[in-house]
Amino acid sequence: MAQFWVVAESVLIVFIMKFVDVALSTLFTNFLVRGRRLYTFIFGFLEVNVYLVSLARVLSSMTIYKMLGYAIGYSLGALFGIWLEQKLAIGNQTWLIIPNENPYRLAYHLRDRGFGITTISGSGMDSNRMIILTTTMRKNIALLNASLAELAPDAFVSVLDTRTTMGGHVTRIPRG
């Protein structure tokens with residue numbers, strides 16, 4: 001019975017270490033893509049250290065149980081990293097919105113909610129259209145989605161991750 005707890009503890013440690021490793025790796029990648037140098041360095045440094053320790057632990061006395069703990073930790077760590085990255089919502093997005101009806105009403109509504117809006121005239125296949133552009137912090141996406149669902153549920157929307165912005169008005173709506 002004591003042997004079971006030794007193996008279980010060893011597998012659990014490997015699982016936790018790999019879980020943390022992959023979650024850190026997800027954050028590292030996110031900061032790398034967004035050009036955040038200090039955070040990229042910090043999370044990259046932590047991730048590699050956790051990775052090396054966990055790998056050494058598995059390779060020192062490899063068992064099928066440790067390999068399973070390692071694999072499950074990897075998979076669940078990736079899912080947790082994605083969830084955590086979405087909760088942190090770091091960075092900006094630019095939304096191109098082409099409403100089918102009432103583009104001026106939608107633009108006014110979004111401006112009234114604090115979004116910086118630029119409108120552009122465009123030509124669609126059958127008619128002229130208005131394109132509404134807004135760049136906002138990812139933390140404000142729920143409010144933007146709610147506004148679109150209410151006023152333009154059938155609008156065409158294209159979302160772009162925005163690495164940097166300069167000048168203009170990037171929406172910084174306080175959460176509340």
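With sequence neighbours left out, the side-chain hydrogen bond (donor to acceptor under 3.5 Å, both in side chains) criterion links T162 to T94. Annotation: side-chain contact (heavy atoms from CB on, under 4.5 Å) contacts of L46 (sequence neighbours excluded): L24, I42. Under the rule for a side-chain contact (heavy atoms from CB on, under 4.5 Å), the partners of I82 that lie at least two apart in sequence or sit in another chain are Q86. In this structure, the side-chain contact (heavy atoms from CB on, under 4.5 Å) partners of I98, at least two apart in sequence or on a different chain, are R129, I131, F156. Partners of T29 by side-chain hydrogen bond (donor to acceptor under 3.5 Å, both in side chains), not counting sequence neighbours: none found. Not counting sequence neighbours, the partners of P99 by the side-chain contact (heavy atoms from CB on, under 4.5 Å) test are I97, P103, L106, I132, A152, A155.
To the nearest 0.5 Å, the span separating CG on N92 from CG on L160 amounts to 12.0 Å. Distance check, rounded to the nearest 0.5 Å: CG of L59 to OG of S54 gives 9.0 Å. Atom CG of L79 sits about 9.0 Å away from atom OG1 of T26, to the nearest 0.5 Å. Note: T135 OG1 to N140 CG = 11.5 Å, rounded to the nearest 0.5 Å. The distance from atom CZ of R138 to atom CG of L144, rounded to the nearest 0.5 Å, is 13.5 Å. Between the OG1 atom of T118 and the CG atom of L96 there is a distance of 10.5 Å, given to the nearest 0.5 Å.
As a member of the Ile/Leu/Val/Met/Phe/Trp/Tyr network built from side-chain separations under 4.5 Å, Y108 groups with nothing else and remains a singleton.
Counting heavy atoms from C-beta on, the side chains of L88 and L27 come closer than 4.5 Å. In this structure the side chain of W95 reaches within 4.5 angstrom of the side chain of I141, judged on heavy atoms. In this structure the side chain of L76 reaches within 4.5 angstrom of the side chain of F15, judged on heavy atoms. Residues I90 and F31 form a side-chain contact, since some pair of their non-hydrogen atoms from C-beta on lies under 4.5 Å apart.
Between Y39 and F43, the ring-plane angle classifies as tilted under the 30° and 60° cut-offs.
Sorted by first and then second residue, the salt bridge (charged side-chain N to carboxylate O under 4.0 Å, His left out) pairs involving residues 93-104 (not counting sequence neighbours) form an empty list. Listed by first and then second residue, the salt bridge (charged side-chain N to carboxylate O under 4.0 Å, His left out) pairs that reach into residues 21-34 are K18-D21, R34-E85, sequence neighbours excluded. Note on residues 142-159: pairs passing side-chain hydrogen bond (donor to acceptor under 3.5 Å, both in side chains), not counting sequence neighbours, are N100-D154, H109-S147. Within the structure, no pair that satisfies the salt bridge (charged side-chain N to carboxylate O under 4.0 Å, His left out) test touches residues 43-69, not counting sequence neighbours. Listed by first and then second residue, the ring pair (Phe, Tyr, Trp, His ring centres under 6.0 Å) pairs involving residues 56-88 are F19-F80, F80-W83 (not counting sequence neighbours).
When every heavy atom of V22 is checked against every heavy atom of G77, the shortest pair comes out as CG1-C, 3.7 Å. Between S123 and N128, the shortest heavy-atom contact is OG-OD1, 3.7 Å. The two residues A107 and T119 have their closest heavy-atom pair at CB-CG2, 4.2 Å.
A chain of hydrophobic side-chain contacts below 4.5 Å, direct or via other Ile, Leu, Val, Met, Phe, Trp or Tyr residues, connects V20 to L12. The hydrophobic cluster containing F115 does not contain L133, counting ILVMFWY residues as joined when their side-chain heavy atoms lie under 4.5 angstrom apart, directly or transitively. By the rule that hydrophobic residues join a cluster once side-chain heavy atoms approach within less than 4.5 Å of another member, V58 and L52 end up as members of one cluster. V33 and L84 sit in two unconnected hydrophobic clusters of ILVMFWY residues. Membership requires side-chain heavy atoms under 4.5 Å apart, directly or through other members.
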